[in-house]
Trainee: 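Could you have a look at this structure, given as structure tokens, before my questions?
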There are 2 protein chains.
Amino acid sequence: MVAELEHLIAGDLVQEAGSAASRGGRRSTLVELHSDLRFAGIDLGVTSIDLEITNGRLEPVAAVREPADIRSGPKTVLGRVDAILAELRSDGAYARLSGIGIGVPGPVSFRDGVPASPPIMPGWDGYPVRELLARKHSCPVVVDNDVNIMAMGERYAGVARSADDVLFVKIGSGVGCGIFIGGELYRGPDGCAGDIGHIQVETDDPVCSCGHIGCLEALFSGIALERDATAAGRSGQSLALAERLAARGTVTARDVAECAAGGDTIATRLIRDGGGRLGSVLAGLVSFINPSMIVIGGGLTGLGHVLLGEIRSAVYRRSLPLATGNLPVVLSELGPRAGVAGAGFLASDLAFAEAAS
Amino acid sequence: MVAELEHLIAGDLVQEAGSAASRGGRRSTLVELHSDLRFAGIDLGVTSIDLEITNGRLEPVAAVREPADIRSGPKTVLGRVDAILAELRSDGAYARLSGIGIGVPGPVSFRDGVPASPPIMPGWDGYPVRELLARKHSCPVVVDNDVNIMAMGERYAGVARSADDVLFVKIGSGVGCGIFIGGELYRGPDGCAGDIGHIQVETDDPVCSCGHIGCLEALFSGIALERDATAAGRSGQSLALAERLAARGTVTARDVAECAAGGDTIATRLIRDGGGRLGSVLAGLVSFINPSMIVIGGGLTGLGHVLLGEIRSAVYRRSLPLATGNLPVVLSELGPRAGVAGAGFLASDLAFAEAAS
């Protein structure tokens, strides 16, 4: 038996499963993934915690989703994570964890396992997320940004399973991109590759949360769409949006999607304009990196096929034929599960790599 | 002696160089690069042929540069390449070639060794460049686009020697980009990665040679700069450019550089505007791919530090601090030699890989 396998058995990652049928010579021992093997995939959003416990085959055995405010700081949010994990253990979802993957909604120093100057996460900068979780749960932990874990999910369990050079575009509160090159997630030397929300698309307006002017996500993102939809409702430009605004005091991306589906032309135009802007940026990136697939994910994919149509149209119109001849532009397959699925995969990948070495 | 080494000796790539001093046991044989080893690096431009013969250490032993028109077609241009090589052989620059690397000014199917729908190379589409050169010179041949061979030159013998994630931006008649990721040249699944000249930067004007509107290279490139400088001369807006236009009937990028150096404000503004536009596109690519170095090369680097200053200013102003904190934006070190140096390196790389396998 090879040394790596002995390590995996010693680490309770795999277990012996009897002897193989004799083919002459020494009998082989069959091994299988340990039946008690459990990983946790955690996706911290701006306003939510998603957590999934998987078995060794990365099949979910338990899942929890609850609202949370990332701005309440790491102690509060990670305290809730620990409490959820404790409950799941009492419920029998796991006896011990062999690995944890966690994504946060901001830049991460992947090497150090800490958030790195995340703009919308006060108190998280440099906070030792990996170290504290690893100590508390006695297992290897991997920390990445939310976009990368979702991209990882689609690459290993979703629509991008068979593509090696993939752009995964998340449209949520902000806009970001996960990049696979030659089958590997590319994070860049400073770990901030894929930060496409701050590519400039206008030169005069509006000011972005980053302080620059005309960034993509200041023009199209969940936050930008709510701002524009609220304005369209307030001004009475869109009666459908005005009604929803009057009824609830706020309109969301879902309202825009529903109003558009109901035939409201202003709501439809908001989606089309946004899709066109994102598509123009993606067209440039297609010329630059020549991907073999683009996957659109994140909360705003609820805007559906109107959005996808505009993105596709801009990408196909603006890129050169050689780069788009075989380029599918598709929606995420895992939807809201993409993040926890990718985080679970990262956890398993790390656990096996560490145990085998 | 390992099998690979025997193959390299059999292929005349390396030769024995006596016995090593005994350390007990069987005596080792020293080997060195074969002294007769020769590679050819060829850089076909729109209006020129550059060719260099190197020894096994990739040091140039002979170089030829002559004007040529890529539009005269592959038979004429490659006929001249063969004639130059024949002359160099008679002059004793080489007895036989162990590899040829050749770059062409347009898209290439790297796998097939043929130009792929090159817009400014009539007659070259699908022409079997690799096959014909290989048959004629009985050695392995690698065909790539001009930007990639220049990028390769800077990566292996120039300013980017110690950087793994590099954007090499060529500003010549057009604009293109060579991309190194994790130390490897990335060509993309369709081989057209780096085609940044056709990223849209304006929505209304001007029409580009590709048929789209507002492409980067329609606004800033050698061709665009000559067009704008000619207009500034004709209208009398710039007296310095008008004088040169009157004297020679045409103005070049070099004229713009000289007029700017002489204090002409219009010429300076043309350079600044172009550098700013290119810099804005690069800022977006920095946010996207987070490189560790940007190298500016190609004929228009003659515009020098005014251009570099504008590019730097736009990149540093528009990208996020995390991505630009350690990002050098520098001029090519090899200048006009970058292409032949990179082509020679590709030739050597291929020859050793084929011989050793």
Side-chain angles (χ1 to χ4, degrees), chain A residues 107-109 116-119 163-167 176-177 179 181-182 184 186-201 203 208 210-216 276 280-293 314 317-327, chain B residues 107-109 116-119 163-167 176-177 179 181-182 184 186-201 203 208 210-216 276 280-293 314 317-327:
Chain A
V108 164
S109 168
S117 312
D164 279 343
D165 301 291
V166 180
L167 301 188
C177 183
I179 307 168
I181 289 181
E184 299 289 321
Y186 174 80
R187 295 183 175 88
D190 303 302
C192 58
D195 197 358
I196 67 170
H198 299 285
I199 291 181
Q200 187 175 32
V201 293
T203 50
C208 180
C210 75
H212 286 147
I213 288 168
C215 293
L216 172 61
S280 299
V281 169
L282 292 180
L285 300 182
V286 166
S287 294
F288 175 65
I289 206 79
N290 182 204
S292 54
M293 178 180 278
R317 190 174 62 237
R318 279 297 321 179
S319 310
L320 295 182
L322 187 57
T324 52
N326 298 306
L327 178 68
Chain B
V108 164
S109 168
S117 312
D164 279 343
D165 301 291
V166 180
L167 301 187
C177 182
I179 307 168
I181 289 180
E184 298 290 320
Y186 174 81
R187 294 181 176 89
D190 302 302
C192 59
D195 197 359
I196 66 170
H198 299 286
I199 291 181
Q200 188 175 31
V201 294
T203 51
C208 180
C210 74
H212 286 148
I213 289 169
C215 294
L216 172 62
S280 298
V281 169
L282 292 180
L285 300 181
V286 166
S287 294
F288 175 63
I289 207 77
N290 182 205
S292 54
M293 178 182 276
R317 190 174 61 235
R318 279 298 320 180
S319 310
L320 295 184
L322 188 57
T324 52
N326 299 305
L327 178 67

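Source: prediction; values computed, not measured. Both backbone and side-chain heavy atoms feed into the values below; hydrogens, waters and symmetry mates do not.
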Trainee: Just by distance, do the side chain of A/His212 and the backbone of B/Arg317 share a donor-acceptor pair under 3.5 Å?
Mentor: yes

Trainee: Would you check if the side chain of A/Asn290 reaches a backbone N or O of B/Asp190 as a donor-acceptor pair within less than 3.5 Å?
Mentor: yes

Trainee: Of the backbone (N, CA, C, O) and the side chain (C-beta and beyond), which part of A/Leu167 lies under 4.5 Å from a heavy atom of chain B, both, or neither?
Mentor: side chain

Trainee: With the side chain counted from C-beta on, respond yes when B/Ile179 and A/Phe288 share a heavy-atom pair under 4.5 Å apart, and no when they do not.
Mentor: yes

Trainee: In terms of heavy-atom proximity below 4.5 Å to chain A, should B/Ser319 be classed as side chain, backbone, both, or neither?
Mentor: backbone

Trainee: In terms of heavy-atom pairs under 4.5 Å, which option from B/Asn326, B/Thr203, B/Ile213 contacts chain A the most?
Mentor: B/Ile213

Trainee: Counting heavy-atom pairs closer than 4.5 Å to chain A, which one of B/Gly284, B/Cys192, B/Gly188 comes out on top?
Mentor: B/Cys192

Trainee: Looking at A/Leu327, A/Val201, A/Ile196, A/Asp165, which one has more heavy-atom pairs under 4.5 Å with chain B than the rest?
Mentor: A/Asp165

Trainee: So which atom in B/Arg318 and which in A/His198 form the shortest heavy-atom distance, rounded to 0.1 Å?
Mentor: NH2-O, 3.5 Å

Trainee: Within the structure provided, determine whether A/Ile199 and B/Leu285 are in side-chain contact (heavy-atom separation under 4.5 Å).
Mentor: no

Trainee: Please classify the contact of B/Cys210 with chain A as side chain, backbone, both or neither, using a heavy-atom distance under 4.5 Å.
Mentor: side chain

Trainee: Which value, rounded to the nearest 0.5 Å, describes the distance between B/Ser287 atom OG and A/Leu216 atom CG?
Mentor: 10.5 Å

Trainee: Please answer whether the main-chain N or O of A/Ile289 pairs with a side-chain N or O of B/Tyr186 as donor and acceptor at a distance below 3.5 Å.
Mentor: yes

Trainee: Using non-hydrogen atoms only, which part of A/Asp164 is less than 4.5 Å away from chain B: side chain, backbone, both, or neither?
Mentor: neither

Trainee: So for B/Pro291, is it side chain, backbone, both, or neither that comes closer than 4.5 Å to the heavy atoms of chain A?
Mentor: backbone

Trainee: Need one label for B/Ser117: side chain, backbone, both or neither, based on atoms under 4.5 Å from any heavy atom in chain A.
Mentor: neither

